[in-house]
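First the structure, in the form of structure tokens, and then the observations on it.
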Amino acid sequence: MWHFLFFSFLDHPPKAVGELEIQFLLCLFSQGKAQSYSGSHQAGDVGISANRSSLSLEMSMILSASVIRVRDGLPLSASTDYEQGTGMQECRKYFKMLSRKLAQLPDRCTLKTGHYNINFISSMGVSYMMLCTENYPNVLAFSFLDELQKEFITTYNMMKTNTAVRPYCFIEFDNFIQRTKQRYNNPRSLSTKINLSDMQMEIKLRPPYQISMGELGSANGVTSAFSVDYKGAGKISSAHQRLEPATLSGIVAFILSLLCAALNLIRGFHAIESLLQSDGEDFNYIVAFFLGTAACLYQCYLFVYYTSWRNVKSFLTFGLICLCNMYLYELRNLWQLFFHVTVGAFVTLQIWLRQAQGKAPDYDV
């Protein structure tokens with residue numbers, strides 16, 4: 001693979017090498033053929049031709065690529081896998097396992113699986129994943145994924161990707177994947193305008209997170225808890241899971257809870273104003289109104305975000321709402337009390353129904 005770049009490198013003087021030198025050194029390293037490199041440029045044609053036959057036995061190439069939705073692992077498009085060896089079948093299992101955990105992983109990762117590497121990037125709810133040989137250069141791998149990302153974002157809008165329900169509904173994107181894969185597997189067809197220096201600098205400043213087999217789990221589906229400390233991505237733990245998509249009834253409950261919080265807040269300020277004007281006002285009414293406001297807002301938080309003991313917290317919050325309204329019995333009529341308690345119960349039910357996303361469907365990625 002690298003002899004083409006090597007010839008191009010010899011045609012340029014040392015001061016004008018620039019990007020070609022980057023490509024040359026990267027490909028030498030990826031093929032495991034990096035030898036002592038000097039600036040003499042006195043390589044004979046006999047030595048070059050002798051290395052060609054040995055390099056053909058150690059091909060570095062992209063084998064397959066997929067486009068996957070992050071939130072549920074739904075495959076949107078994929079290239080055709082022509083090689084069906086044992087190693088490829090094992091990598092397909094790793095593809096499935098990674099697709100279920102994309103929401104818990106940083107936006108740029110690499111998984112080394114023996115003779116193969118799985119690289120992926122995620123952006124705007126879509127992940128672009130590729131399988132290549134272990135000696136394929138990282139800078140070319142992530143440049144390939146970057147091209148897929150730019151073309152997919154240009155071709156399809158976010159509404160289509162978010163509302164897709166069946167696997168491989170963008171299978172026509174496979175044509176672009178195949179063309180791009182062929183380009184990156186054949187250096188002669190790669191444009192010299194590809195800015196590999198910027199990509200290499202980006203990888204150097206923010207390297208891809210290396211996923212270990214212990215974090216991923218075994219191929220039979222037994223996985224370990226994630227606790228990833230990644231530079232630039234923060235700490236990602238299994239406690240911060242994604243919730244199921246909100247239903248229409250859940251959205252209505254969320255809005256009603258905000259309305260109850262606003263009503264309690266307004267009544268609380270009126271109680272403060274009455275207290276300042278008259279000494280006979282009970283200060284505990286003010287506390288009850290503001291506690292009711294806090295309880296309604298906390299129910300909204302529990303509906304939106306996943307936390308430990310989430311259901312228990314929602315029931316305790318509902319109990320606090322009931323206690324506050326019991327104390328405010330003299331200031332509210334029966335319809336107002338019924339409205340606040342009913343909304344609190346409705347939101348508690350929606351929190352209980354909207355659980356964390358479980359195991360993703362076993363799509364044939």
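These numbers were taken from a predicted model, which means no experiment stands behind them.
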N119 side chain near L145 side chain, heavy-atom distance below 4.5 Å: yes

Check: I118 and M130 side chains under 4.5 Å, non-hydrogen atoms: no

Partners passing ring pair (Phe, Tyr, Trp, His ring centres under 6.0 Å) against Y156 (at least two apart in sequence or in another chain): F152, F170

Main-chain N/O of V70 paired with S127 side-chain donor or acceptor, under 3.5 Å: no

CZ-OH distance between R108 and Y209, expressed to the nearest 0.5 angstrom: 15.5 Å

Pairwise side-chain contact, W352 with R310, heavy-atom cut-off 4.5 Å (strictly under): no

Atom pair CG/NZ of N186 and K181 - distance to nearest 0.5 Å: 13.5 Å

Check: S249/Q350 side-chain N/O donor and acceptor closer than 3.5 Å: yes

4.5 Å side-chain heavy-atom contact, T307 and L302: yes

Ring center gap for Y285 and Y327 short of 6.0 angstrom: yes

Distance (rounded to the nearest 0.5 Å) between I68 CD1 and L76 CG: 8.0 Å

All pairs passing salt bridge (charged side-chain N to carboxylate O under 4.0 Å, His left out) where residues 136-146 contributes a residue, at least two apart: D146-K150

Minimum side-chain heavy-atom gap F303-L353 below 4.5 Å: no

Connected via hydrophobic side-chain network under 4.5 Å: V67 and M124: yes

pair H340-R332: side-chain heavy atoms closer than 4.5 Å: yes

Exam field: side chain N264 to backbone F290, donor-acceptor pair closer than 3.5 Å: no

Min side-chain heavy-atom separation L98-L105 under 4.5 Å: yes

Salt bridge (charged side-chain N to carboxylate O under 4.0 Å, His left out) between R179 and E147, intermediate numbers included: CA-CA 11 Å; R179 291 196 305 269; E147 279 201 37; over 6 Å; no

Show me, pair by pair, the donor-acceptor contacts under 3.5 angstrom made by side chains of residues 251-262, not counting sequence neighbours?
from : atom 1 : to   : atom 2 : distance (Å)
S257 : OG     : C296 : O      : 2.9

Residue pair S123 / Y128, side-chain donor-acceptor N/O under 3.5 Å: no

Under 3.5 Å side-chain donor-acceptor pair for D174 and S77: no

